[in-house]
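Scroll down for the structure; my scribbles are underneath it.
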Amino acid sequence: MSLSPTEAAHDAERSRQWLAGAARGDGVDRDALRELGTAMAAVAAAAAEREPVAVTAVPVGVDPPIAKPLPPELLRRLDTNAEMHWSAMAGQGYVVPTDRFFVRNHTVTPRLDPATWRLSLFGDGLHGAPPRTAPVEFSLDELRRLPAEESTALVECAGNGRRFFASQQGESAPGVPWGLGGVGVARWRGVRLGAVLRRAGLRDDAVDVMPEGLDPHYVTGGIDLGRVRRPLPVAKALDDVLLAYEMNGAPLPADHGFPVRVVVPGWIGISSIKWVGPVEVSTTPLFSPWNTRFYRLFGPGHPEGGTVLGAQPVKSAFELAWDARVPAGEELLLRGRSWSGTGPIERVEVDTGDGWRAADLVAADRGGPWQRWTARWRPPVAGRYTLRARATDRTGAGQPDRAEPNTLAYVFDAVVAHPVTAC
Ligand SMILES: Nc1nc2c(c(=O)[nH]1)N[C@H]1C(S)=C(S)[C@@H](COP(=O)(O)O)O[C@H]1N2
Ligand SMILES: [Mo]
């Protein structure tokens, strides 16, 4: 249990093991994964030829992929996913109301029965539980009887901002074409994963924990990759990871993981497994396609096996519609938020067309998972304007003018040029 809880440190070791073929496989045939890599490269090449399209076909007579309503003023549907419109945060408080919280589904939201649902821990990392034979189970009521904790945490999809690789930089951007709305902060309440692991008989020599979702298997490129799952080092699992059964003071909604989801503060969204059921606890390193094939940086400047996405980079968004209309000649209070996976936001600057100037930070947010800010602006005359915001976090990480491209189009951190019209 000497592993560092930072994802980059964990991955450096796991990458070596994976590439050396020394570690246990990830449940998927390696040749199949190699073929998948080729297929994904083809998708990337095809995407370079055209604008990303949102597929919206839903088979008739089948539950829609997302259970909650998707009012167009709050959410934009992207196939099985939905992104929040930043204009829907104007006038809101610190957290994102559940009705507009983004949804990222690899397949569809499963409708699970809380009466029969069980959290099921298994693996050689538990005392007296040989792999897959004697799981240690918890019902929802049993979890609710354990000491509860609350955490205000940010969940962001690693592909958030992806569409700007294409629209601002003219680069290939395969995958869900998120604008900046694949992010949200909520108040999560539940039980610490660490407390549950200890009750289940965690061994001192356990190294990895892998929660799996009960949504349908993820099939891509004709290959069944099994349940959505992603390993965590035990050190992170014992640190601040929550098994959440409430979101913003209400039972977790179907789309966000009902009855129970994992919340991994500071790590990319895919770590926060929804609809968790099985949890493998292992004394040997665990792998899944979600840390070997996806959520890695591939392309020029990256090693053959790619580089894991560690924390999310710095981003900033205006709480304004894209192409918003604002009154010319009147003073406006521009509002927005900035966030970073590597540390709290220290400074935000805004450019309305005549150079960068400091924005005012909302004092109450200092040190939290995201930072609200405001800036006054009087559009001098009617016409088109471009608004820009950029932030710097406590580590000094900021936002460049251009994001570094990578094959799967993750980590978009560049300043976004937000068009508005004064009239
Ligand atoms: N079981 C399961 N868990 C999952 C996913 C999924 O498709 N299935 N998507 C992941 C991804 S990629 C993200 S970004 C977050 C999104 O959480 P949300 O839908 O509650 O916003 O859930 C993660 N957990
Ligand atoms: Mo994601």
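Both counts, for ligands and for their atoms, begin at 1 and track the order of listing.
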Could you pull out the N/O contacts under 3.5 angstrom between ligand 1 and the surrounding protein atoms?
{"from": "ligand 1", "atom 1": "1 (N)", "to": "D215", "atom 2": "OD1", "distance (Å)": "2.8"}
{"from": "ligand 1", "atom 1": "1 (N)", "to": "D215", "atom 2": "OD2", "distance (Å)": "3.2"}
{"from": "ligand 1", "atom 1": "1 (N)", "to": "K274", "atom 2": "O", "distance (Å)": "3.0"}
{"from": "ligand 1", "atom 1": "3 (N)", "to": "K274", "atom 2": "N", "distance (Å)": "2.9"}
{"from": "ligand 1", "atom 1": "7 (O)", "to": "H106", "atom 2": "N", "distance (Å)": "2.8"}
{"from": "ligand 1", "atom 1": "7 (O)", "to": "H106", "atom 2": "ND1", "distance (Å)": "2.8"}
{"from": "ligand 1", "atom 1": "8 (N)", "to": "D215", "atom 2": "OD2", "distance (Å)": "2.6"}
{"from": "ligand 1", "atom 1": "9 (N)", "to": "R104", "atom 2": "O", "distance (Å)": "3.3"}
{"from": "ligand 1", "atom 1": "17 (O)", "to": "R261", "atom 2": "NH2", "distance (Å)": "3.1"}
{"from": "ligand 1", "atom 1": "19 (O)", "to": "R104", "atom 2": "N", "distance (Å)": "2.9"}
{"from": "ligand 1", "atom 1": "19 (O)", "to": "K274", "atom 2": "NZ", "distance (Å)": "2.5"}
{"from": "ligand 1", "atom 1": "20 (O)", "to": "H256", "atom 2": "ND1", "distance (Å)": "2.8"}
{"from": "ligand 1", "atom 1": "20 (O)", "to": "R261", "atom 2": "NH1", "distance (Å)": "2.7"}
{"from": "ligand 1", "atom 1": "21 (O)", "to": "F102", "atom 2": "O", "distance (Å)": "2.7"}
{"from": "ligand 1", "atom 1": "22 (O)", "to": "R261", "atom 2": "NH2", "distance (Å)": "3.4"}
{"from": "ligand 1", "atom 1": "24 (N)", "to": "S272", "atom 2": "O", "distance (Å)": "3.0"}

- Message: Do the side chains of E319 and R335 get close enough for a salt bridge, i.e. N-O under 4.0 angstrom?
- Response: no

- Task: Report yes if the distance between the aromatic ring centroids of F138 and W117 is under 6.0 Å, otherwise no.
- Result: no

- Any chance the rings of F164 and W322 have centres within less than 6.0 Å? yes

- Item | Carboxylate-amine/guanidinium proximity below 4.0 Å for K315 and E156 | yes

- Task: Answer whether the closest heavy-atom distance between the side chains of T107 and T80 falls below 4.5 Å.
- Result: no

- Message: Please verify the inter-ring angle class for F318 with W373; under 30° counts as parallel, over 60° as perpendicular, anything in between as tilted.
- Response: perpendicular

